[in-house]
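Below: one structure, written as structure tokens.
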Amino acid sequence: MVSFLYRMPAGIAGDVTRPSQSTIEPGQIDAAAPPTKYGVFLKMVSGKLRALGAGDAAVAPYGLLARPYPTNAANEPLGTATPPTSGLCDPMVRGYMTVKLALGTATKGGTVYVVTTAGGSVVGGDIVTSASPAGGGTATAVPNCIFMGGADADGNVEIRFNI
């Protein structure tokens with residue numbers, strides 16, 4: 001039996017939290033730069049989707065990598081599934097999703113930033129609350145993207161993208 005004493009978990013990174021208000025399109029993963037986890041921002045390059053990289057500060061993200069159904073393989077613990085490195089994927093281009101907050105304290109209505117130069121953070125993979133995250137590096141604000149509240153004890157937080 002599980003009991004939640006203070007707050008229920010916010011979700012699992014990459015889970016679409018409000019499916020009826022979200023748009024998910026099929027996409028092709030670019031094997032040259034595949035995403036390494038769910039719930040990260042993607043960019044479109046020559047018709048294929050890849051993880052954001054160093055120097056992508058001016059690139060408007062195409063979407064976020066959504067976790068497919070079923071959400072996990074039988075041999076992986078909950079929330080640890082690794083996305084494929086090629087083939088089809090599910091980018092959420094509009095909607096609400098749980099993501100992993102790497103640094104900062106999220107507040108409702110706060111701007112979402114993605115790391116674009118390293119310095120203690122993962123480029124393209126870390127979502128933070130400031131343009132100058134602690135530990136160095138820089139981050140860029142994601143257009144039309146805000147936090148929907150605070151993060152849970154594991155750093156999971158809901159964001160709103162392109163709505």
Side-chain angles (χ1 to χ4, degrees), residues 2-25 27 35-44 49-69 71-72 77-83 89-163:
V2 175
S3 62
F4 300 108
L5 299 177
Y6 303 105
R7 178 180 169 182
M8 193 168 154
I12 299 169
D15 277 351
V16 177
T17 55
R18 305 179 197 196
S20 64
Q21 286 89 31
S22 300
T23 303
I24 299 171
E25 301 173 345
T36 58
K37 57 187 177 179
Y38 291 105
V40 296
F41 289 99
L42 303 170
K43 66 180 178 179
M44 180 77 71
L49 296 165
R50 60 171 51 185
L52 292 178
D56 283 341
V59 174
Y62 180 79
L64 290 133
L65 183 58
R67 190 176 290 277
Y69 178 83
T71 60
N72 287 293
L78 189 63
T80 63
T82 303
C89 67
D90 298 317
M92 183 191 79
V93 296
R94 179 190 71 81
Y96 298 84
M97 179 181 282
T98 300
V99 297
K100 182 69 107 178
L101 180 64
L103 294 168
T105 302
T107 57
K108 186 169 178 80
T111 302
V112 175
Y113 292 84
V114 63
V115 173
T116 52
T117 58
S121 299
V122 177
V123 173
D126 279 354
I127 294 171
V128 296
T129 60
S130 166
S132 302
T138 57
T140 187
V142 178
N144 301 315
C145 192
I146 63 170
F147 291 107
M148 294 303 296
D152 66 13
D154 292 326
N156 295 309
V157 63
E158 184 183 36
I159 62 171
R160 181 180 83 190
F161 178 67
N162 276 346
I163 292 184

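All values derive from a computational prediction rather than experimental measurement.
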Ring pair (Phe, Tyr, Trp, His ring centres under 6.0 Å) partners of Phe41, counting only residues at least two apart: Phe161

Any side-chain heavy-atom pair of Asn144 and Ile163 under 4.5 Å: no

Pairs meeting criterion ring-ring contact (aromatic ring centres under 6.0 Å, His included) with involvement of residues 122-151, two or more places apart: none

Under 3.5 Å: donor-acceptor pair, side chain of Arg67, backbone of Ala13: yes

Nearest heavy-atom neighbours spanning Pro35 and Pro83: O-CG, 3.8 Å

Between CG on residue Leu52 and CG on residue Leu42, distance to nearest 0.5 Å: 7.0 Å

Distance in Å, Thr116 OG1 paired with Asp56 CG, rounded so as to fall on 0.5 Å steps: 8.0 Å

Considering all heavy atoms, the nearest Gly149-Val157 contact: O-CG2, 3.3 Å

Shortest non-hydrogen contact from Pro91 toward Cys89: CD-O, 3.4 Å

Closest heavy-atom pair and its distance - Ala139, Ser130: CB-O, 3.5 Å

Summary of side-chain hydrogen bond (donor to acceptor under 3.5 Å, both in side chains) pairs that have at least one residue in residues 91-110, sequence neighbours excluded: Thr23-Arg94

Heavy-atom side-chain proximity of Leu103 to Asp126 below 4.5 angstrom: no

Donor-acceptor contact below 3.5 Å, side chain Asp154 vs main chain Asn156: no

Set of residues satisfying side-chain hydrogen bond (donor to acceptor under 3.5 Å, both in side chains) with respect to Ser22, sequence neighbours excluded: none

Nearest-0.5 Å distance, CG of residue Leu64 to CD1 of residue Ile24: 10.5 Å

Pairwise side-chain contact, Glu25 with Tyr62, heavy-atom cut-off 4.5 Å (strictly under): yes

For the student: nearest non-hydrogen atoms of Thr129 and Leu101, plus distance: CG2-CD1, 3.8 Å

Those residues that, when tested against Arg50, pass salt bridge (Lys or Arg N to Asp or Glu O under 4.0 Å) (two or more places apart): Asp30

Side chain proximity check, Val99 to Val112, heavy atoms < 4.5 angstrom: no

Heavy-atom pair with the smallest gap, counting every atom of Ile159 and Cys145: CD1-SG, 3.8 Å

Summary of ring-ring contact (aromatic ring centres under 6.0 Å, His included) pairs that have at least one residue in residues 99-119, sequence neighbours excluded: none

Leu49/Met44 under side-chain contact (heavy atoms from CB on, under 4.5 Å): CA gap, chis, key distance, verdict: CA-CA 5 Å; Leu49 296 165; Met44 180 77 71; 3.9 Å; yes

Note, Glu158 side chain near Arg18 side chain (heavy atom, < 4.5 Å): yes

Within-4.5 Å side-chain heavy-atom neighbours: Pro143 and Pro61: yes

